[in-house]
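A note on names: the letters A, B, ... follow the listed sequences, proteins ahead of strands, and every chain is numbered from 1. The basis for the numbers below is simple: all heavy atoms, side chains too, and nothing from hydrogens, waters or symmetry mates.
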Number of protein chains: 2
Amino acid sequence: MKKQAVKLEDVAAVAGVSKTTVSRVLNNRGYLSQATIDKVHKAMQELHYRPNIIARQLYQQRTNLVGLVFPTVDNPFFGQLEACLDHELYKRGYRVLMGNSQNNPDRERAYLRQLLNGQVDGLIVGAHNEGIEQYRNIQLPVVSIERLVSKDIPVVAADNYAGGVLATQQLLDDGCQHIIHTNYPHDLASPNMERRRAYEELMRRHGLPMYTYEVSFDSSTAEKIKIFYRLFDEHPEVDGVFADNDTNASLIMQVARKRGRRVPEDLKVVGFDGANMTRTLLPELTTIQQPIQQMATAAVQLLQDQIDGKKTTNSVQLPVKLIHGTTA
Amino acid sequence: MKKQAVKLEDVAAVAGVSKTTVSRVLNNRGYLSQATIDKVHKAMQELHYRPNIIARQLYQQRTNLVGLVFPTVDNPFFGQLEACLDHELYKRGYRVLMGNSQNNPDRERAYLRQLLNGQVDGLIVGAHNEGIEQYRNIQLPVVSIERLVSKDIPVVAADNYAGGVLATQQLLDDGCQHIIHTNYPHDLASPNMERRRAYEELMRRHGLPMYTYEVSFDSSTAEKIKIFYRLFDEHPEVDGVFADNDTNASLIMQVARKRGRRVPEDLKVVGFDGANMTRTLLPELTTIQQPIQQMATAAVQLLQDQIDGKKTTNSVQLPVKLIHGTTA
DNA sequence: ATGAAAGCGCTAACAT
DNA sequence: ATGTTAGCGCTTTCAT
């Protein structure tokens, strides 16, 4: 329990003024004579004074910190999203507290337990865990991205249904008859399910069979690959795949090649997300691009409104775009 | 300046005990009778009490927060690295404050100004800005990753020289005669320069010409692509490329194809980093893999040692590995 | 234009 | 086993 080396009081002593005056100089508030200002600045420099941010936070009851609760930052979509969120928040004077849940409910709870204790001024969440009870009766400003948390919390999401239609329609236009879809396990309360709904409606309307392989986000790459091998074994007739994200699309194409299928000749593939990093590393992939930057801007705006006390519980849905690659 | 709804004092009043007792129950410290414990817990539940973390931080003079200052999280290498760091820090009870500098020195300074004011217990830095004066005479525990900050700050880095040798040797073994390298601008004080040194030494030893194209990390993708077109225009004889990171390798291959070169028939390519996301999206790339997880573990260990007051200014160098793809 | 004093919510000596 | 009291470092009424 060592004390801070040099504090406001020390500066006051050296400058020969009171703590109040130093605080005023620090915050540029109230009436100050130039002579006093200079004296205080000089003392601050001499002592290498640094104001203690925590003390200020305690008094002001705000931290200018926003917590980001997402599965992981090591992913093209979430990486870009968190980078955009950080950028938008920075512009408004907020810093970011990372809360990678790794899709572990206990970790998500642990983060929330802390963050809700005055650690942050607000929360932006996009983790995929179910039944986190702490979101009920929360008094902190919260915005969610692509996740239904509770009815009071506004959601920012892409138009997943339209995306599902675009993807499926592209494969149908390509002449595919046996289109398989991958998605999260069905019970996840995510707007993501709209992608599946769109796929199923179009397939039904066209009288085509539908199969959805469920791949949970947090499975290991090896596990996912195993599922995709199973996909080709159980459905050798598959000629089109609508993957619910681009990394799955990439894995499916790798497995397809191992099974002797050429893309796009024997198999068409459409992904989802269209993040920058995927566009750079896998530009040939045809995919549905989410407006990540706009989603970040909207989320931060909604959060700021809540922090400012404006009651905007409206949710936001943003348009997606089909990116034509060579895989479909 | 609203006050916190319910505080320790309120719990004390309801439970009919003193603040101290409530604090003791909260922290499970000192002698407590079971009856008191129960009373206090009951009062806490009734009031939905949440301890104010900031007040505790002020008293304890520690925040259990570690700042991560890196260029961006939207990148396979930094994304995975920050995810690993977060995971290691979480295990030790620390949370992470994000400091994406976007390679903007002003932003890096702004972060440091705040973080050094008691906001964090330590810092792990890997941003690429030069001459940030705040790192001089810093009193906070700091560890750097792949960056030379100042002589007092320990550095965790991969064996970049060995990596440069592996990459260049692979291309030489493939029979390449005109190998081009890409790297950061030369003046950057980064262990990364060792990759270049290795390339140049091997080329010199083999009596081969050497050309390094300088591509700054924070250029836009469009700018990078322009440089790579220039590379092929100025050196149509190129038959091997050693890129200093995998995303550049990917861009180079895209440009090569546009210029009618087949990889690996006409052009061999070796990248650097070998992050998970690159392995998933671009598995065919031959690359030098950095031990990201080990680097994170080592960095956190060094930081913890400093926080604990152990004087370990030793730097750490970790081995790299050649990953055989099909591009070289 | 400046200062004294109270208080943000919590913890820990030091009593009892 | 529990309470009293004095801070942690800062900001802000309220005085002068």
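Distance, I37(B) CD1 to dA1(D) P: 10 Å, rounded to whole Å. Rounded to a whole Å, the CD atom of Q60(B) is 12 Å from the P atom of dA13(C). A straight line from NZ of K39(A) to P of dA1(C) spans 14 Å, rounded to a whole angstrom. Rounded to an integer number of Å, the gap from CG of L32(A) to P of dG3(C) is 10 Å. Whole-Å rounding puts the L58(A) CG to dT12(D) C1' distance at 14 Å. Atom pair R29(B):CZ and dA12(C):C1' shows a separation of 9 Å (rounding to whole Å applied). Atom CD of E9(B) and atom P of dT5(D) are 14 Å apart (whole Å). Atom NZ in K7(A) sits about 4 Å away from atom P in dG9(D), given to the nearest Å.
For T36(A), no side-chain nitrogen or oxygen approaches OP1 or OP2 of dA1(C) to under 4.0 Å. In terms of phosphate contacts, N52(A) brings no side-chain nitrogen or oxygen within less than 4.0 Å of OP1 or OP2 of dC8(D). Regarding contacts with the backbone of dG9(C), a side-chain N or O of Q61(A) is found under 4.0 angstrom from either OP1 or OP2. In this model, the phosphate group of dC10(D) is approached by a side-chain N or O of Y49(A) to a distance below 4.0 Å at OP1 or OP2.
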Query raised in the report: Going through the distances and angles, do D106(B) and R109(B) end up as a salt bridge (charged side-chain N to carboxylate O under 4.0 Å, His left out)?
Result: CA-CA 5 Å; D106(B) 292 335; R109(B) 284 192 194 92; 3.3 Å; yes
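Side-chain to base pairing of R50(B) with dG9(C): no donor and acceptor N or O lie closer than 3.5 Å to each other. In the interface, the side chain of S23(B) is not paired with the base of dA12(C) through any donor and acceptor atom under 3.5 Å apart. On a pure distance criterion of 3.5 Å, no polar donor-acceptor pair joins the side chain of T21(B) and the base of dA1(D). With hydrogens and angles ignored, no donor-acceptor pair closer than 3.5 Å exists between the side chain of T20(A) and the base of dT11(D).
Each of Q34(B) and L8(A) has a nearest nucleotide on DNA chain D; the 5'-most of these lies closest to Q34(B). Summary of the strand contacts: R24(B) and R56(B) both lie near DNA chain C, and taking for each the nucleotide with the nearest heavy atom, the more 5' one is attributed to R56(B).
Nearest nucleotide to the side chain of N27(B), out of dG3(C), dT11(C), dG9(D): dT11(C).
Side-chain contact, T72(B) with N100(B): no donor N or O sits under 3.5 Å from an acceptor N or O.
Under a 3.5 Å cut-off, the side chain of E108(B) and the backbone N or O of I132(B) do not form any donor-acceptor pair. Not a single donor-acceptor pair under 3.5 Å links the side chain of E146(B) to the backbone N or O of G126(B). Checking side-chain atoms of N75(B) against main-chain N and O of F77(B) turns up a donor-acceptor pair under 3.5 Å.
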